[in-house]
*Asks:* 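Here you go, one structure.
All of these numbers come straight from a predicted model, not from anything done at the bench. Just so we're on the same page: letters track the sequence lines, and every chain starts at 1.
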There are 2 protein chains.
Amino acid sequence: MANSHTSEQKITIGREQSVCCPLSDTARKIADTFQNMVMQRGFNAVSYGDIAKELGIRTASIHYHFPTKAGLGATVLTRYRDNFKNAWEDVDADDPESYVRAYDSFMAPICPVRDMDGVSCLFGVLGATQKTLCPNIQEILASFFVEQEVWLAKVFEGGRDRGVFHFSGPATSFAKLYASALQGAMLIKKSTNNPKHFDVVIEQLESMLFEADEK
Amino acid sequence: MANSHTSEQKITIGREQSVCCPLSDTARKIADTFQNMVMQRGFNAVSYGDIAKELGIRTASIHYHFPTKAGLGATVLTRYRDNFKNAWEDVDADDPESYVRAYDSFMAPICPVRDMDGVSCLFGVLGATQKTLCPNIQEILASFFVEQEVWLAKVFEGGRDRGVFHFSGPATSFAKLYASALQGAMLIKKSTNNPKHFDVVIEQLESMLFEADEK
DNA sequence: GTCTATATCATGATAGAC
DNA sequence: GTCTATCATGATATAGAC
């Protein structure tokens, strides 16, 4: 059943590399294909055989580049996380508009995920089966969600203080809500085959966040 | 790795039965155990062997009650869905408070999921790997999310008209946001091992929905 | 209704030739 | 770096005894 997809789609996010050595051309193709498939089907439903078939190579070749599936998963997730975190622009306390730009930089890497049918965020997909993943990956997952919330709360709070954002309650609570809504929206978008679901949720969130600008 | 859990936890939701014949005692134990495990690890990471081990029986016995894993999944998901939908109380157009009660009835079945460590909503877990599931289950999933949104939007809109709820924009958009936030919050709660995450998101949502009552 | 035994298949992974 | 060949394991599922 894991092979019952009819049309694989290429995803162009997350090609950046993590701390360690850059990936060779083949390794990158493997990582891209794996990432794309996991975002559609989940970690446990993608096999080396699926990747090999898609790329027209043998599973042994994949094992040469990535000896273990857990290692491949960690590489892909690290790259995906770094792509997001590197996008986050710093704020300038003296420039209110920098908070809006920071928010935009946060949302930018999400767009490619939004625009692909049949996928949802890698973090969310892995989080759904968290307990089945190796401790390394569990740790990357958990710490990203925490870091994301801390960063968002800082931007939201500073932006509210400067009058560019509007929401009630603690900034950490609003950040938790925002991150949760994005994850859930991608998940429901995928489950209902309705790309618009995600767009509508973002519209609703932003109409709240920027409410004064629209009055 | 699917067996690396140290302490299975019992869940008491979703014991209600669907349209067809009620489950025998053993069948119900199997369904409960399977549902609980799937909410922790996902459909593809739970095997008949895992269930058999947990219950102290053989896999062949499980096949007697549920010939196929897809069938077991459909039974469990149908039961889970009915448990939610049956909780939804009708509104009385002449009674504004009935809209608050309807909202409470919607949230009630979510509490047990909130209170269990290491699990997230069955809909969300299955949605994350949607493409790997049989068409039957995919359909139940997709239609539930749509029905949920329609019901929520109706309650939100009626409640806003009567002054008990407060939000801006179309009720369908707010319903989409609400459903997404709940799904994402459970997912992040599980991924970060932080039960409070879910509570905070609900607090934030309700402080928005009931804002006037708190001023 | 539950069991033993078994069939069949896919999986992650390794050894060693080229 | 890629291949063929192979291994060990665990999965779904079935047949038939009790």
Side-chain angles (χ1 to χ4, degrees), chain A residues 1-5 8 21-35 37-38 40-77 126 129 131-137, chain B residues 1-5 8 21-35 37-38 40-77 126 129 131-137:
Chain A
M1 207 146 17
N3 290 319
S4 66
H5 55 289
E8 286 302 329
C21 46
L23 299 177
S24 73
D25 213 60
T26 306
R28 194 178 41 71
K29 276 182 196 160
I30 293 167
D32 290 347
T33 302
F34 181 70
Q35 175 178 323
M37 287 177 170
V38 171
Q40 295 188 53
R41 311 182 220 158
F43 186 88
N44 296 308
V46 181
S47 69
Y48 273 39
D50 295 331
I51 307 170
K53 201 183 202 179
E54 175 75 14
L55 295 179
I57 57 178
R58 308 293 131 177
T59 61
S61 307
I62 304 178
H63 278 288
Y64 170 80
H65 295 281
F66 300 98
T68 69
K69 191 182 172 187
L72 172 56
T75 299
V76 165
L77 180 60
L126 295 181
T129 63
K131 287 282 193 306
T132 72
L133 308 171
C134 66
N136 183 17
I137 292 183
Chain B
M1 205 140 27
N3 289 321
S4 67
H5 55 289
E8 286 299 329
C21 46
L23 298 178
S24 74
D25 212 60
T26 308
R28 193 179 40 72
K29 276 182 195 159
I30 293 167
D32 290 347
T33 303
F34 180 70
Q35 174 178 322
M37 287 178 170
V38 170
Q40 294 187 52
R41 312 182 218 155
F43 185 89
N44 296 308
V46 180
S47 70
Y48 274 39
D50 295 330
I51 307 170
K53 201 184 204 177
E54 175 75 15
L55 295 180
I57 56 176
R58 310 294 131 178
T59 62
S61 307
I62 304 178
H63 277 287
Y64 169 79
H65 295 280
F66 300 99
T68 70
K69 190 182 171 187
L72 172 55
T75 298
V76 165
L77 181 60
L126 295 180
T129 63
K131 288 281 194 303
T132 72
L133 308 171
C134 66
N136 183 17
I137 293 183

*Asks:* Relative to the 5' end of DNA chain C, which residue comes earlier, A:T59 or B:T59, by the nucleotide with the nearest heavy atom?
*Replies:*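 Residue closer to the 5' terminus by nearest nucleotide: B:T59.
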*Asks:* Rounded to the nearest angstrom, tell me the gap between atom CZ in A:F66 and atom P in C:dT14.
*Replies:* 15 Å
*Asks:* Ignoring hydrogens and geometry, is there a side-chain-to-backbone donor-acceptor pair from B:Y48 to B:A60 under 3.5 Å?
*Replies:*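 Side chain of B:Y48 to backbone of B:A60, a donor-acceptor pair under 3.5 Å: no, none is there.
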*Asks:* Are any of the side-chain nitrogens in B:R28 or B:D25 under 4.0 Å away from the carboxylate oxygens of its partner?
*Replies:*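 Answer for the salt bridge query: yes.
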*Asks:* Starting at atom NE2 of A:H63, determine the distance to atom C1' of D:dG1, rounded to an integer number of angstrom.
*Replies:*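 Result: 15 Å.
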*Asks:* Please confirm whether the shortest side-chain N or O distance from B:S61 to OP1 or OP2 of C:dG1 is below 4.0 Å.
*Replies:*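 False: B:S61 side-chain N/O out of range (4.0 Å or more) of C:dG1 OP1/OP2.
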*Asks:* Within the structure, does a side-chain N or O atom of A:S47 lie under 4.0 Å from either OP1 or OP2 of C:dT11?
*Replies:* yes
*Asks:* Taking only side-chain nitrogens and oxygens of A:H65, does any of them come within less than 4.0 Å of OP1 or OP2 of D:dT2?
*Replies:* yes
*Asks:* In whole angstrom, what separates A:Y64's OH from D:dT2's C1'?
*Replies:*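 It is 10 Å, rounded to the nearest whole Å.
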*Asks:* Which part of the nucleic acid does B:S24 contact within heavy-atom distance under 4.0 Å: base, sugar-phosphate only, or nothing?
*Replies:*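 Nothing, no heavy atom under 4.0 Å.
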*Asks:* Given atom CZ of B:F43 and atom P of D:dA11, what is their separation to the nearest angstrom?
*Replies:* 14 Å
*Asks:* Report yes if some heavy atom in the side chain of A:Y64 is under 4.5 Å from a heavy atom in the side chain of A:T26; otherwise report no.
*Replies:* no
*Asks:* Rounded to whole angstrom units, what separation is found between the OH atom of A:Y48 and the P atom of D:dT9?
*Replies:*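 These atoms are roughly 19 Å apart.
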*Asks:* Is the terminal nitrogen or CZ of A:K69 (NZ for Lys, CZ for Arg) located under 6.0 angstrom from the six-membered ring centre of A:F34 and within 45° of that ring's axis?
*Replies:* no
*Asks:* Could you state the atom-to-atom distance from CD1 of A:I51 to C1' of D:dT2 in whole Å?
*Replies:* 16 Å
*Asks:* Atom NZ of A:K69 to atom P of C:dA10: distance rounded to whole Å?
*Replies:*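 The answer, rounded to whole Å, is 15 Å.
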*Asks:* What integer distance in Å separates A:R58:CZ from C:dA10:C1'?
*Replies:*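 Rounded to whole Å, this separation is 16 Å.
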